[in-house]
Amino acid sequence: MDFFEKYPLISILENSNYNGLGWAVTSVLFYLSLYHFVLFVKSKEKFYLFYSLYALINAVNLIKRVKGGFVETIYDEFPEFFIHLNFPIQFASYLIFSFFLIEILNFRKHFPKFTRFFSYYALITSSIFGVLVLGRYIWDGYDWMKDYYIYVFMPCTFIFLIYGIYLTIKTGEKVRYYILTGYLILGISSFILAFLVMGKDVSMANKYFYIYYLAVMAENFLYTYALAIKQREVYEDKFHIQALLVEKLQENEDLREKLNVNLKDELKLKERKISFLEADYEEQRVAKLSADYEKQITSLHLQSLRSQMNPHFIFNALNSIKVFLIESDKENAVLYLNKFAKLIRMVLESSREFKISLGEELDIAKLYLSLETIRFDEGIDFKINVERGINLRDTKVPPLVFQPFLENAVWHGLMSKKGPKSILIHIYQSHEGVTVSIRDNGVGRKESMKKKSNQTIQKQSIGISLSSDRLKFFNESEKFNYHFEILDHEGSNSERGTEVVFYLQNA
């Protein structure tokens with residue numbers, strides 16, 4: 001006799017709670033929960049964690065239906081406890097499933113305001129429900145918990161469900177239709193099951209419960225497939241960002257190498273010309289030409305000093321991009337990489353010039369600080385105040401003259417400071433000419449020297465020394481008297497900090 005003649009399929013399904021079919025479904029859910037938790041540990045992707053918890057709660061909720069196993073004995077021993085546990089399990093299932101949707105459909109990117117609103121709602125409603133769950137043991141508040149779940153939480157959940165379907169379609173994510181189909185299958189099957197068993201005894205519920213089992217299997221198959229697609233997208237995004245990073249790094253390295261080669265060739269050419277002129281019998285002509293060549297060599301020395309300053313903040317920027325990639329923060333990695341590439345282009349373009357306008361130098365400072373502020377959770381309040389009458393175009397400065405001092409302000413003044421962090425650049429006219437003030441509200445140089453190692457302090461001194469040398473060569477070439485001084489401000493936390501004042505005046 002054929003197996004299906006002896007055991008018709010409908011008979012097998014209608015006895016799902018007794019013949020092991022229900023146990024098989026719950027076992028699959030337990031396996032999916034463990035498997036995706038392992039994936040979360042390895043990848044740190046939150047949608048794996050929420051799906052793992054969702055599958056686990058569904059398995060715990062279904063296993064009480066299975067008959068003939070050791071779990072049935074436990075339920076029979078503590079029936080009242082598990083009856084009262086039913087609503088908390090359902091409550092947790094809805095919230096965890098909602099956060100699973102938020103993560104896998106990338107709601108934080110597409111609908112940030114809704115995501116923040118729902119997070120606050122989940123926190124508030126969970127807190128209220130948690131108090132009512134405890135009240136069931138303290139003041140016999142089971143009815144309160146039940147009424148809150150049925151008359152408050154479920155209507156709100158239904159509203160979020162309808163609106164969530166609309167948002168799911170609107171995201172444009174590849175996995176949206178698999179997710180949508182999954183929870184529609186489960187919702188429709190739940191409605192059908194409720195209709196069939198409404199007003200009937202437990203035996204009818206056991207008879208038709210296979211409808212829910214099949215829906216759960218279909219739902220989790222679709223979600224597992226959606227997770228596989230999502231993981232593929234995450235992998236492709238990371239690969240694309242890494243390829244883009246390598247491309248930008250290679251481009252910047254090629255530009256730097258080309259600049260260094262040109263710089264060495266120009267230095268050798270000028271030195272050969274000076275050696276030739278020193279042997280020339282026309283003393284006056286030699287003196288005049290030597291002065292011109294000395295000016296050009298001074299310019300090349302200035303470029304050389306400037307090129308020594310670039311690798312330090314380039315290394316810091318690349319290190320930040322690496323951190324974002326490790327933390328799977330691809331949005332900040334792309335943002336940081338684009339700003340970093342723009343800064344490198346500006347630096348390399350300015351490196352070809354002996355002097356640039358004060359306005360261009362301030363643009364570089366803005367971009368540099370916008371990169372540095374990404375590192376801080378609360379950011380840096382950065383402002384530039386320019387008094388009326390200051391001509392930023394006609395005032396010339398050596399390229400990147402402010403950058404070492406801004407870097408010192410960030411890393412030695414603001415990094416170890418607690419609370420709001422700020423940097424103010426103030427440009428004004430004084431009796432000495434145009435004056436540029438760079439002031440931070442950091443811990444100050446004395447406190448910084450206490451906290452930093454000797455190696456860090458030495459790097460700071462080298463940066464200031466290079467800036468002094470650059471201004472010296474610039475003044476000799478342009479007949480200017482540019483100089484700076486560093487002022488320490490002490491007092492309360494709001495008044496404390498370091499100020500670097502540049503005096504841009506003619507000789």
Side-chain angles (χ1 to χ4, degrees), residues 29 33 46-47 49-62 64-65 82-108 110-136 141-171 173 175-195 197-198 209 211-212 215-216 218-220 222-223 226:
L29 291 177
S33 173
K46 292 182 181 178
F47 49 76
L49 175 61
F50 287 119
Y51 179 70
S52 173
L53 294 175
Y54 176 67
L56 176 63
I57 288 178
N58 280 340
V60 171
N61 191 37
L62 289 178
K64 65 185 179 184
R65 297 280 181 176
F82 288 107
I83 290 174
H84 288 181
L85 195 63
N86 181 58
F87 288 116
I89 287 178
Q90 294 293 335
F91 181 90
S93 176
Y94 285 127
L95 285 187
I96 291 174
F97 177 71
S98 299
F99 282 107
F100 166 67
L101 293 182
I102 287 174
E103 293 297 332
I104 196 170
L105 295 172
N106 208 1
F107 271 37
R108 298 183 190 279
H110 298 297
F111 314 109
K113 292 183 179 180
F114 173 80
T115 302
R116 285 195 298 270
F117 172 78
F118 185 81
S119 299
Y120 289 132
Y121 162 77
L123 177 62
I124 293 172
T125 194
S126 298
S127 301
I128 296 173
F129 192 74
V131 171
L132 295 177
V133 170
L134 292 177
R136 172 256 184 270
Y142 175 75
D143 290 336
W144 288 19
M145 177 189 70
K146 176 182 175 183
D147 291 343
Y148 178 81
Y149 177 83
I150 295 175
Y151 299 113
V152 178
F153 177 72
M154 286 306 297
C156 292
T157 300
F158 180 74
I159 294 173
F160 278 117
L161 173 65
I162 299 302
Y163 190 56
I165 293 174
Y166 165 73
L167 294 182
T168 298
I169 298 174
K170 194 176 179 181
T171 59
E173 296 285 332
V175 299
R176 65 189 186 279
Y177 291 118
Y178 299 103
I179 298 298
L180 182 63
T181 304
Y183 66 72
L184 285 179
I185 288 175
L186 189 65
I188 293 172
S189 67
S190 299
F191 176 80
I192 294 174
L193 179 62
F195 177 78
V197 303
M198 184 179 300
F209 206 76
I211 297 174
Y212 190 76
V216 167
E219 177 201 38
N220 283 274
L222 290 169
Y223 291 170

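Heavy atoms only: backbone and side chains are in, while hydrogens, waters and symmetry mates are out. Since the model is a prediction, treat every value here as computed from it, not as a measurement.
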Chemist: Run the side chain to side chain contact (heavy atoms under 4.5 Å, CB included) check on Phe91 and Thr125 step by step: do they pass?
Modeler: CA-CA 10 Å; Phe91 181 90; Thr125 194; 3.9 Å; yes

Chemist: Measuring from Ser33:OG to Tyr51:OH, what's the distance to the nearest 0.5 Å?
Modeler: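 So the gap between those two atoms works out to 9.0 Å.
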
Chemist: Report the residues that fulfil salt bridge (Lys or Arg N to Asp or Glu O under 4.0 Å) with Arg116, sequence neighbours left out, ordered by chain and then residue number.
Modeler: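 Result, salt bridge (Lys or Arg N to Asp or Glu O under 4.0 Å) vs Arg116: none returned.
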
Chemist: Tell me every residue that passes ring-ring contact (aromatic ring centres under 6.0 Å, His included) with Phe99, counting only those two or more places apart in sequence or in another chain.
Modeler: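 Applying ring-ring contact (aromatic ring centres under 6.0 Å, His included) to Phe99 gives Phe50, Phe118.
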
Chemist: To check you understand the geometry: which heavy-atom pair defines the closest contact between Thr171 and His110, and what is its length?
Modeler: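 Smallest interatomic distance, heavy atoms only, reads O-CE1, 3.4 Å.
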
Chemist: Under 3.5 Å, which donor-acceptor pairs link side chains of residues 177-189 to any protein atom two or more places apart or in another chain?
Modeler:
{"residue": "Thr181", "atom": "OG1", "partner": "Tyr177", "partner atom": "O", "Å": "2.6"}
{"residue": "Tyr183", "atom": "OH", "partner": "Thr168", "partner atom": "OG1", "Å": "3.4"}
{"residue": "Ser189", "atom": "OG", "partner": "Ile185", "partner atom": "O", "Å": "3.1"}
{"residue": "Ser189", "atom": "OG", "partner": "Leu186", "partner atom": "O", "Å": "2.9"}

Chemist: Report the distance from atom CD1 of Ile169 to atom CG of Leu105, rounding to the nearest 0.5 Å.
Modeler: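 Answer for the CD1-CG pair, Ile169 versus Leu105, is 11.0 Å.
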
Chemist: Identify the two heavy atoms, one from Ile104 and one from Val175, that lie closest to each other, and give their separation to 0.1 Å.
Modeler: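 So the two residues come closest at O-CG2, 4.0 Å.
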
Chemist: Would you mind reporting whether Val133 and Phe87 have side-chain heavy atoms less than 4.5 Å apart?
Modeler: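 Not touching, per the 4.5 Å side-chain cut-off.
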
Chemist: Which value, rounded to the nearest 0.5 Å, describes the distance between Ile165 atom CD1 and Lys170 atom NZ?
Modeler: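 The NZ atom of Lys170 is 15.5 Å from CD1 of Ile165, to the nearest 0.5 Å.
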
Chemist: Rounded to the nearest 0.5 Å, how far apart are OG of Ser126 and OH of Tyr121?
Modeler: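 If we round to the nearest 0.5 Å, Ser126:OG and Tyr121:OH are 8.5 Å apart.
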
Chemist: Find the distance between CG (Leu101) and CD (Glu173) and round it off to the nearest 0.5 Å.
Modeler: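 Going from the CG atom of Leu101 to the CD atom of Glu173 covers 12.0 Å.
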
Chemist: Just to verify, which of Phe111, Phe107, Phe97 counts as forming a side-chain contact (heavy atoms from CB on, under 4.5 Å) with Ile102?
Modeler: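 Single pass found, and it is Phe107.
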
Chemist: Quick one: pull up CG in Leu95 and CG in Leu123 and give me the separation to the nearest 0.5 Å.
Modeler: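 Answer for the CG-CG pair, Leu95 versus Leu123, is 10.5 Å.
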
Chemist: Compare all side-chain heavy atoms of Tyr212 with those of Leu62 and state whether any distance is below 4.5 angstrom.
Modeler: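 The answer is yes, as the side chains (C-beta and beyond) meet within the 4.5 Å cut-off.
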
Chemist: Could you check whether Phe160 and Tyr94 have their ring centres less than 6.0 Å apart?
Modeler: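 No, they do not, as the ring centres are separated by 6.0 Å or more.
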
Chemist: Just wondering, do Val131 and Trp144 contact through their side chains at under 4.5 Å, heavy atoms?
Modeler: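 When only atoms from C-beta onward are counted, Val131 and Trp144 do not touch, as no gap falls below 4.5 Å.
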
Chemist: When you compare the side chain of Leu132 with that of Tyr149, does any pair of heavy atoms fall below 4.5 Å?
Modeler: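 Tyr149 does not reach Leu132 side chain to side chain.
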
